[in-house]
There are 2 protein chains.
Amino acid sequence: MQTLSTENYLKAIYHASQSASGTVATTSIANKIGAKPSSVTDMFKKLSDQKLVKYEKYQGVSLTNEGVKTALRIVRKHRLWESFLVSHLNFNWDEVHQVAEQLEHIQSEKLTNELERFLDYPTHDPHGDPIPNRALFMKSYNKILLTELPLNKEGVCVGVKDNSSDFLRYLDRRQIGIGTPILVLHREDFDQSLHIQAGNSTLMITQKTAENIYIKP
Amino acid sequence: MQTLSTENYLKAIYHASQSASGTVATTSIANKIGAKPSSVTDMFKKLSDQKLVKYEKYQGVSLTNEGVKTALRIVRKHRLWESFLVSHLNFNWDEVHQVAEQLEHIQSEKLTNELERFLDYPTHDPHGDPIPNRALFMKSYNKILLTELPLNKEGVCVGVKDNSSDFLRYLDRRQIGIGTPILVLHREDFDQSLHIQAGNSTLMITQKTAENIYIKP
DNA sequence: AATATTTTTTAGACCAATCTAAATTTTATA
DNA sequence: TATAAAATTTAGATTGGTCTAAAAAATATT
Ligand SMILES: [Mn+2]
Ligand SMILES: [Mn+2]
Ligand SMILES: [Mn+2]
Ligand SMILES: [Mn+2]
């Protein structure tokens with residue numbers, strides 16, 4: 001049985017190992033969790049004792065099979081709850097993270113599975129991230145960053161890289177969301193800013209914005 | 001901001017002070033929480049420092065106004081979640097307690113209030129207990145124990161005193177639930193057992209059962 | 001009222017999770 | 001490759017929540 005803290009660490013390690021190859025460094029987890037590196041080292045040892053990570057001094061960690069499973073169970077709950085909050089409780093996609101961060105720790109298989117049924121087996125959460133099913137399997141789109149979408153090639157927004165409230169609310173104001181069709185009309189060589197067609201409106205976005213939007217071509 | 005542990009203590013003190021008058025004793029909380037009396041004393045001191053209880057050595061505790069409010073906020077969440085689990089997630093009334101015990105600690109006013117709206121402002125939980133509204137006000141029925149219902153006077157089951165799975169499943173088998181009309185046909189002087197009409201069926205119940213069923217006459 | 005029993009508190013310890021400060025190892029740079 | 005910088009670990013302390021064992025107070029019984 002995991003504690004709230006070990007669960008948060010496992011999830012952080014899982015996410016970190018998705019976006020980088022090789023082992024996960026102490027400081028990267030320290031930053032994600034908001035703890036000091038020395039605390040992270042302590043936790044690495046504990047997780048290693050539980051055989052949830054492989055850890056060698058000064059070499060970072062990687063999740064074991066059991067560690068991945070435990071992490072995915074938490075990710076599953078997190079994304080199901082986020083979906084529920086948006087679809088039934090009038091939460092906006094920028095408001096759900098903090099609450100799901102708590103709800104993901106509720107221990108009840110029946111609750112998780114019934115919630116999934118109630119939501120009609122959603123495959124993606126409000127941010128476009130895939131939801132692991134009961135067998136912890138998930139299928140993600142073959143997605144690219146908006147910066148990589150060729151000119152005049154029709155694509156659809158299927159996710160965001162930056163999940164911060166600031167960014168999500170900015171997208172709301174620009175009327176860009178999951179499912180919005182996107183077309184790149186012009187790419188400015190000077191600063192890599194883009195003129196795009198998003199849904200029915202034409203607008204300009206910066207490179208920084210573009211590299212935080214996932215597109216299914 | 002309360003911890004999970006202080007919240008559980010406040011709720012336990014609240015419930016204990018409902019069913020007995022005067023202050024709440026150390027051992028009664030120790031039994032409810034499943035902790036040793038010495039741990040309870042420690043917690044009484046902490047809660048007293050936070051001005052959530054009034055505590056005098058060897059004299060037990062009583063909740064302050066602020067303590068009552070904090071307890072009611074948790075009770076509110078507990079009962080709303082229980083209602084949700086039964087009405088939308090196919091939980092039986094004997095399965096909800098353990099999960100609600102966790103969910104009651106989720107901190108998000110928006111979540112609580114939206115859940116209440118989603119459930120259409122329920123006034124009572126699956127066990128017939130009143131749900132405090134946003135202002136923490138609740139109205140309970142004018143209820144009596146089934147042992148006190150006069151012969152041949154029509155009543156309705158509106159709650160249970162014992163919330164254990166064993167008792168609730170026993171009532172399920174007897175087809176007694178919240179809302180079931182009850183009529184006492186005969187009271188056996190020898191052992192205080194009752195012949196009752198519950199819904200459409202006639203059955204016999206022991207005194208022990210009868211004194212755990214609340215009736216609105 | 002004296003004594004026995006029960007209840008409650010205190011003292012001292014432990015565990016998980018964190019921290020700071022110092023030591024050690026790895027990595028980068030001159 | 002020697003040295004400087006950065007990353008990581010160790011040592012030791014702190015906090016919240018718990019425990020056991022012993023002491024103290026309240027309550028019940030003779
Ligand atoms: Mn979390
Ligand atoms: Mn998400
Ligand atoms: Mn609880
Ligand atoms: Mn209940």
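By convention in this document, chain letters (A, B, ...) are assigned in the order of the sequence lines, proteins followed by strands, and residues within each chain are numbered from 1.
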Task: Listed nucleotide nearest any side-chain atom of B:Ala25, set C:dT9, C:dT18, C:dT8 - done: C:dT8
TODO: Between C:dT25, C:dA16, C:dT9, spot the one nearest the side chain of B:Thr26, thanks.
DONE: C:dT9
Run the salt-bridge test on [X] and [Y] with the 4.0 Å N-O cut-off and return the result as yes or no.
X        : Y        : result
A:Glu114 : A:Arg117 : yes
A:Glu101 : A:Lys11  : yes
B:Arg73  : B:Glu7   : no
B:Glu56  : B:Lys45  : no
B:Glu95  : A:Lys110 : yes

Open item on the list: Check the phosphate of C:dT9 against B:Tyr55, side-chain N and O only, distance under 4.0 Å to OP1 or OP2. Yes or no?
Closed with: yes
Open item on the list: Here's a test of your reading of the structure: between B:Glu56 and A:Tyr9, which maps to the more 5' nucleotide of DNA chain C?
Closed with: B:Glu56
Open item on the list: At a heavy-atom distance below 4.0 Å, which nucleotide of DNA chain D is the first touched by chain B, and which is the last?
Closed with: D:dG16 to D:dA26
Open item on the list: Should the side chain of A:Ser38 and the base of C:dT18 be counted as holding a donor-acceptor pair, with the cut-off at 3.5 Å?
Closed with: no
Open item on the list: Using a 4.0 Å heavy-atom cut-off, does A:Ser5 contact any base of the nucleic acid, only the sugar-phosphate backbone, or nothing at all?
Closed with: sugar-phosphate
TODO: Take atom CG of A:Leu47 and atom P of C:dA16, then tell me their distance rounded to the nearest Å.
DONE: 13 Å
Open item on the list: So does A:Ser193 get a backbone contact from the side chain of A:Thr206, meaning a donor-acceptor N/O pair under 3.5 Å?
Closed with: no
